[in-house]
Undergrad: 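One structure is given below, represented as structure tokens, and several questions about it will come after.
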There are 2 protein chains.
Amino acid sequence: MKKNELMEYNCPLGKAMSALGSKWKPIIVLVIKDRKLRFGELAVRINVISRKVLTDQLREMEADGLVIRQEFKEIPPRVEYSLTEKGLALLPILYLLEEWEAKYQIKGPKSKNDCTLLDHKIS
Amino acid sequence: MKKNELMEYNCPLGKAMSALGSKWKPIIVLVIKDRKLRFGELAVRINVISRKVLTDQLREMEADGLVIRQEFKEIPPRVEYSLTEKGLALLPILYLLEEWEAKYQIKGPKSKNDCTLLDHKIS
DNA sequence: CAGAATCCTCGATGATACTG
DNA sequence: CAGTATCATCGAGGATTCTG
């Protein structure tokens, strides 16, 4: 079964998971949050993924109506990403997921609200 | 980046997405819901995935504390799956996701609450 | 019935180099 | 700076067969 094949089925959750399917997208949503971010900033904050994948994910999210891509025709280029209303509506749900994880976590290192993923490899 | 590598990072949402990462797991949770289901029933209801993958997913979910696997030493064998408290706590969040999808959906065929994925290929 | 074992495919992801 | 283009890999997932 290919990546977004689920969307073809008449399953609401399936479609939701298509838009949110990659484990990156929720994180990207959470990183962008309510401010605008340039591509480079995103790439630094989520540097566990390659720039190519980040680009791909952002493109898909744009197509799914989660993010807005604003391109400035300048030199050097500048592109800013922000959440659409749909993307913003996802935030509270993602927070619930975080709480859920925090509440029921069993194993793994301590993790409060410090999302060290975001600036993990910045040296 | 390998499948559950995210879990190694100190990111709550990342860990949540590890447990919920596969796009199948949310659906499996939703299918099991609050009743017990035998493996065969699950396989029929979610027949878009192979039995092998279903088995794998269930094993992972068991390890993540989402489902309980109850094996009856009978012939023929019988195995029943049910949700743990942690898994049950996920349900309201998944419903929110469905609502979110329903509210903001743009394209695709009409889909209310009929999750035809579940009995899609049953002929 | 509920899987385990095996083999195989293919697509997501990464690495690298290049560009306007 | 924000990508694109190209090539390579590798592991999730599928198909099939077998078993207690």
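Lettering follows sequence order; numbering is per chain, from 1. Fair warning: this is a prediction, and the values are worked out from it, not measured in the lab.
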Undergrad: Quick one: does B:Asn47's side chain have a donor or acceptor within less than 3.5 Å of a partner on B:Val44's backbone?
TA: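 Pair found, side chain donor or acceptor close to backbone of B:Val44.
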Undergrad: For nucleotides 1-5 of chain C, which of its nitrogen or oxygen atoms have a protein nitrogen or oxygen under 3.5 Å away, and what is each distance?
TA:
| unit_1 | atom_1 | unit_2 | atom_2 | d |
| --- | --- | --- | --- | --- |
| C:dC1 | O3' | B:Arg38 | NH2 | 3.1 |
| C:dC1 | O3' | B:Pro77 | O | 3.4 |
| C:dA2 | OP1 | B:Arg38 | NE | 2.9 |
| C:dA2 | OP1 | B:Arg38 | NH2 | 3.1 |
| C:dA2 | OP2 | B:Gly40 | N | 2.8 |
| C:dG3 | OP1 | B:Arg69 | NH1 | 2.1 |
| C:dG3 | OP2 | B:Tyr81 | OH | 2.9 |
| C:dA4 | OP1 | B:Arg59 | NH2 | 3.1 |
| C:dA4 | OP2 | B:Arg59 | NH2 | 3.1 |

Undergrad: Measure CG/B:Asn47 against P/D:dA15 and give the value in whole Å, please.
TA: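 Roughly 12 Å, once rounded to whole Å.
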Undergrad: Taking only residues at least two apart or on different chains, which pairs with a member in residues 31-43 of chain A satisfy side chain to side chain donor-acceptor pair (under 3.5 Å)?
TA: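 Only A:Lys36-A:Gln70 qualify under side chain to side chain donor-acceptor pair (under 3.5 Å).
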Undergrad: For D:dG13, take OP1 and OP2 only and decide whether either is under 4.0 Å from a side-chain N or O of B:Gln57.
TA: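 Checking D:dG13 against B:Gln57, a side-chain N or O does come within under 4.0 Å of OP1 or OP2.
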Undergrad: Of all the heavy-atom pairs spanning A:Ile32 and A:Ser82, show the shortest one and how long it is.
TA: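 Looks like CG2-CA, 3.8 Å.
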Undergrad: Can you name the residues that form a side chain to side chain contact (heavy atoms under 4.5 Å, CB included) with B:Val53, not counting sequence neighbours?
TA: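 Counting only residues at least two positions away or on another chain, B:Val53 forms a side chain to side chain contact (heavy atoms under 4.5 Å, CB included) with B:Trp24, B:Ile49, B:Ser50, B:Gln57.
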Undergrad: What is the distance from CD of A:Glu74 to P of C:dT19, rounded to the nearest Å?
TA: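 For the pair A:Glu74 CD and C:dT19 P, the rounded distance is 23 Å.
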Undergrad: Measure CZ/A:Phe72 against C1'/D:dG3 and give the value in whole Å, please.
TA: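 It works out to 16 Å between those atoms.
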Undergrad: Does this structure show an ion pair linking B:Glu60 with B:Lys25, if we count only N-O contacts that are shorter than 4.0 Å?
TA: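 Between B:Lys25 and B:Glu60 there is a salt bridge, with a charged N closer than 4.0 Å to a carboxylate O.
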Undergrad: Report the residues that fulfil side chain to side chain contact (heavy atoms under 4.5 Å, CB included) with A:Glu62, sequence neighbours left out, ordered by chain and then residue number.
TA: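 Once residues adjacent in sequence are excluded, the partners of A:Glu62 under the side chain to side chain contact (heavy atoms under 4.5 Å, CB included) criterion are A:Arg59, A:Val67, A:Arg69.
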Undergrad: Rounded to whole Å, how long is the line connecting atom CD1 of B:Ile46 with atom C1' of D:dG14?
TA: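 Rounding to the nearest Å, CD1 of B:Ile46 and C1' of D:dG14 are 16 Å apart.
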Undergrad: Please give me the minimum heavy-atom distance between A:Phe39 and A:Arg51, naming the atom from each residue.
TA: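 For A:Phe39 and A:Arg51, the tightest heavy-atom pair comes out as CE2-NH1, 3.6 Å.
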Undergrad: Let me know the distance between CG of A:Leu54 and C1' of C:dG14, rounded to the nearest Å.
TA: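 Atom-to-atom, A:Leu54 to C:dG14, this comes out as 14 Å.
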Undergrad: Take the C1' atoms of the five end pairs on each side of the helix from C:dC1-D:dG20 to C:dG20-D:dC1, derive the two axes, and give their angle rounded to 10 degrees.
TA: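 About 60° separates the two local helix axes.
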Undergrad: Please identify each residue that fulfils salt bridge (charged side-chain N to carboxylate O under 4.0 Å, His left out) with B:Lys103, with sequence neighbours left out.
TA: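 By the salt bridge (charged side-chain N to carboxylate O under 4.0 Å, His left out) rule, B:Lys103 matches no residue at all.
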Undergrad: Grab the CG-P distance between A:Asp56 and D:dA2 for me, whole Å please.
TA: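 The distance from CG of A:Asp56 to P of D:dA2 comes to 16 Å, rounded to the nearest Å.
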